[in-house]
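The next block holds one structure in the form of structure tokens; read it before the comments.
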Amino acid sequence: MLEIAIIRDHFDQAVSGLAKRNIKDAGHLLSEVLDLDKKRRETKTSLDSLLAEANAKSKEIGRLIQAGEKEQAKQFKQETSDLKNQAKDLQDQFNLLVNKQQEALYNLPNIPNRKVPMGNLASENELVEEWGDFPTLDENALPHWNLINTYDIIDFDLGNKLTGAGFPVYKGKGAKLVRALVNFCLDQAEAAGYLEIQPPIVVNETSGLATGQLPDKEGQMYAISDSNYYLIPTAEVPITNIYRDTILDVEDLPVKNVGYTPCFRREAGSWGADVRGLNRLHQFDKVEIVQINHPEHSYHALDEMCKHVASLLQQLELPYRKLNLCGGDLGFTSAQTFDFEVYAAGQDKWLEVSSVSNFETYQTNRLKLRCKGLDKKNFLLHTLNGSALAIPRILAAILENNQFLHGIRIPEVLVPYTGFDTVSK
RNA sequence: GGAGAGGUGACCGAGUGGUCGAAGGUGCUCGCUUGGAAAGCGAGUGUACCCCACAAGGGUACCGGGGGUUCGAAUCCCUUCCUCUCCGCCA
């Protein structure tokens, strides 16, 4: 949720920022919010003074009763009662305005950082880095959804039997590869100073609201019936919510957490012919890095997190490209996002394996995650997160890029984790 | 799942309708004291919003969450969540 103070104090910047997202009437939307805010404050002011008067009279009643002046007290009671009735109406008005303002703010996306490029389509994302050479494959090279059958390491039919589409069963070396990748990612993050967290993978409604999955994106999460619990779509939700309603000290910063969790996504409506095999799943494994940082250092942290992701991909020998997402492609809550895509040679496609974002105060405003400054004043912190990494697509690229005639070579860095260097029949 | 107890500020812990944003203690900050430290003494020490210059100052709300009774509630009533103890069940 945007801070009302930002809209109030930097109106023009907010308008031009939102314009990058192709929101045409941004100026109109924002002035509406400011109008509501103005009314809200005016109502608050008169409500408060009414209540102040009623409180003063109430106290007086206490004194009058003790002094035995019953008649006077009786009259004050009546007066106070009237005041309270007026206050009640104002209170209702005030609550209505608060809700309206909040709703309006919920519907406004984050303001893109000024380095976010203009653009509407994914094709307009800015290529900022490219690494690695494309593998040269045999002409009989296969996409991973064929390879996994050949070597019997991942079984979609079985998953279908147990659950449904998008819930694969990993077997033998397939299962081992997943475990190896998770452990590799966790170890790398730990070495980079991240504290490992193993959170619940089921969260309540409050948590979903705080990180913004609710109320607008219910379609993304699986809800558990007969409770207000949800399966998490990413470890970001439980890990970030650890810090909901907290005030950190400057010395606590930066907070760096990493967590491995399965992630569950309904992906309602996004199932298509181009989404095969491991490219898009309803359940998948992901290692997520999260940082909470001082506003002055958050963009440095964003850079640091990108370098971390790049290092993982390089060690895994996967050719990748890094994209600075344009306004139109930017996630609702993000101020700036870099996507990492690896090249999967078997299907000749770039697969998004990591998305690293700075949310600035957009999340912390709802989370009420603040920091006590040296001047004793509280201010909102910045949150950042990124996948490091999304396992199935990494696995897909490894399988495809390292295939040879009778097997698949495992990247060297993974061998200590897998215990084998080749997948073969 | 059954029975009972309880949720108060950073922490411990008073408070059963009026002057309680909340006694007392601990912790923390600043000052005095000291060669230095400890002890001691004094002052301060929550969050959000509103007025105002985001100053000083003032106001409102908040004693797990929500609702109610009352002129007035941390205190009474309803509801919900959570914690603890005992019993049962169980990886």
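Numbered from 1 within each chain, the chains take letters A, B, ... in sequence-line order.
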Non-hydrogen side-chain atoms of A:N358 and A:N113 separated by less than 4.5 Å: no

Sugar-phosphate, base or nothing in reach of A:I247, heavy atoms under 4.0 Å: sugar-phosphate

Minimum-distance nucleotide (side-chain atoms of A:S58 versus B:C50, B:G68, B:G72): B:G72

Plane angle bin for A:Y417 and A:F184 - parallel if under 30°, tilted between 30 and 60°, otherwise perpendicular: perpendicular

Closest-nucleotide ordering on RNA chain B, the 5'-leading residue of A:S49 and A:K88: A:S49

B:A43 and B:A23, which share atom name P, separated by this distance in whole Å: 15 Å

Sidechain N-carboxylate O distance under 4.0 Å for A:E60, A:K57: no

Nucleotide opposite B:A3 in a Watson-Crick or G-U pair, distances under 3.5 Å: B:U85

Nucleotide of B:C50, B:C54, B:U47 approaching A:R40 most closely (side-chain heavy atoms): B:C50

Rounded distance in Å between the C1' positions of B:C20 and B:G27: 23 Å

Partner nucleotide of B:A22 by Watson-Crick or wobble geometry (both distances under 3.5 Å): none

B:A53 pairs with, by Watson-Crick or G-U criteria that keep both distances under 3.5 Å: none

A:Y299 and A:H382 aromatic centres sub-6.0 Å: no

Phosphate contact (B:U19 OP1 or OP2) by A:R63 side-chain N/O below 4.0 Å: no

Among B:C51, B:U47, B:A61, the nucleotide that comes nearest once only the side chain of A:N55 is considered: B:A61

Nearest-angstrom distance from the residue atom NZ of A:K70 to C1' of B:C71: 16 Å

Any strand: nucleotide that pairs with B:A91 via Watson-Crick or wobble, under 3.5 Å: none

d(CZ, A:R244; P, B:G65) in whole Å: 14 Å

Sugar-phosphate, base or nothing in reach of A:K57, heavy atoms under 4.0 Å: nothing

Touch class at under 4.0 angstrom, heavy-atom based, for A:K368 against every strand present: nothing

Sugar-phosphate only, base, or nothing, as touched by A:T80 at under 4.0 Å among non-hydrogen atoms: sugar-phosphate

Gap in Å between the two C1' atoms, one belonging to B:A91 and one to B:A3, rounded: 26 Å

Integer angstrom distance from the C1' of B:C12 to that of B:G88: 35 Å

Euclidean distance for C1', B:C32 against B:A37 (whole angstrom): 16 Å

For atom CG of A:L50 and atom P of B:C50, their distance in whole Å: 18 Å

Integer-rounded Å distance: B:U19 C1' and A:L64 CG: 13 Å

Between C1' of B:C28 and NZ of A:K376, the distance in whole Å: 8 Å

A:K377 NZ - B:A48 C1' separation (whole Å): 15 Å

Between B:G17 (C1') and A:I65 (CD1): distance, integer Å: 11 Å

Nearest-neighbour nucleotide for the A:N378 side chain, B:C50, B:C54, B:U47 considered: B:U47

Nearest-nucleotide comparison on RNA chain B, the residue closer to the 5′ end among A:S81 and A:R8: A:R8

Value in whole Å for how far the P atom of B:U80 lies from CD of A:E205: 17 Å

Identity of whatever pairs with B:G17 - Watson-Crick or G-U, under 3.5 angstrom: none

Sugar-phosphate, base or nothing in reach of A:K84, heavy atoms under 4.0 Å: sugar-phosphate

Side chain A:R21, main chain A:L330, donor-acceptor under 3.5 Å: yes

Check: A:H297 ring centre within less than 6.0 Å of A:H300 ring centre: no

Proximal nucleotide (of B:G59, B:C51, B:C71) relative to the A:I61 side chain: B:C71

Distance between C1' atoms of B:U26 and B:G18 (Å, rounded): 31 Å

Sugar-phosphate, base or nothing in reach of A:L51, heavy atoms under 4.0 Å: sugar-phosphate

Nearest-angstrom distance, C1' atom, B:C78 to B:C84: 24 Å

G-U wobble or Watson-Crick pairing nucleotide for B:C30 (cut-off 3.5 Å, both distances): B:G42

Complementary nucleotide of B:A48, counting Watson-Crick and G-U pairs under 3.5 Å: B:U60

Donor-acceptor side-chain pairing of A:Q314 and A:Y320 below 3.5 angstrom: yes

Pairwise C1' distance, B:A39 and B:U83 [rounded to whole Å]: 39 Å

Pairing partner of B:G36 (Watson-Crick or G-U wobble, both distances under 3.5 Å): none

Closest nucleotide among B:C50, B:C54, B:G46 to the A:K372 side chain: B:G46

Geometric class of the A:F264/A:Y222 ring pair [parallel <30°, tilted 30-60°, perpendicular >60°]: perpendicular

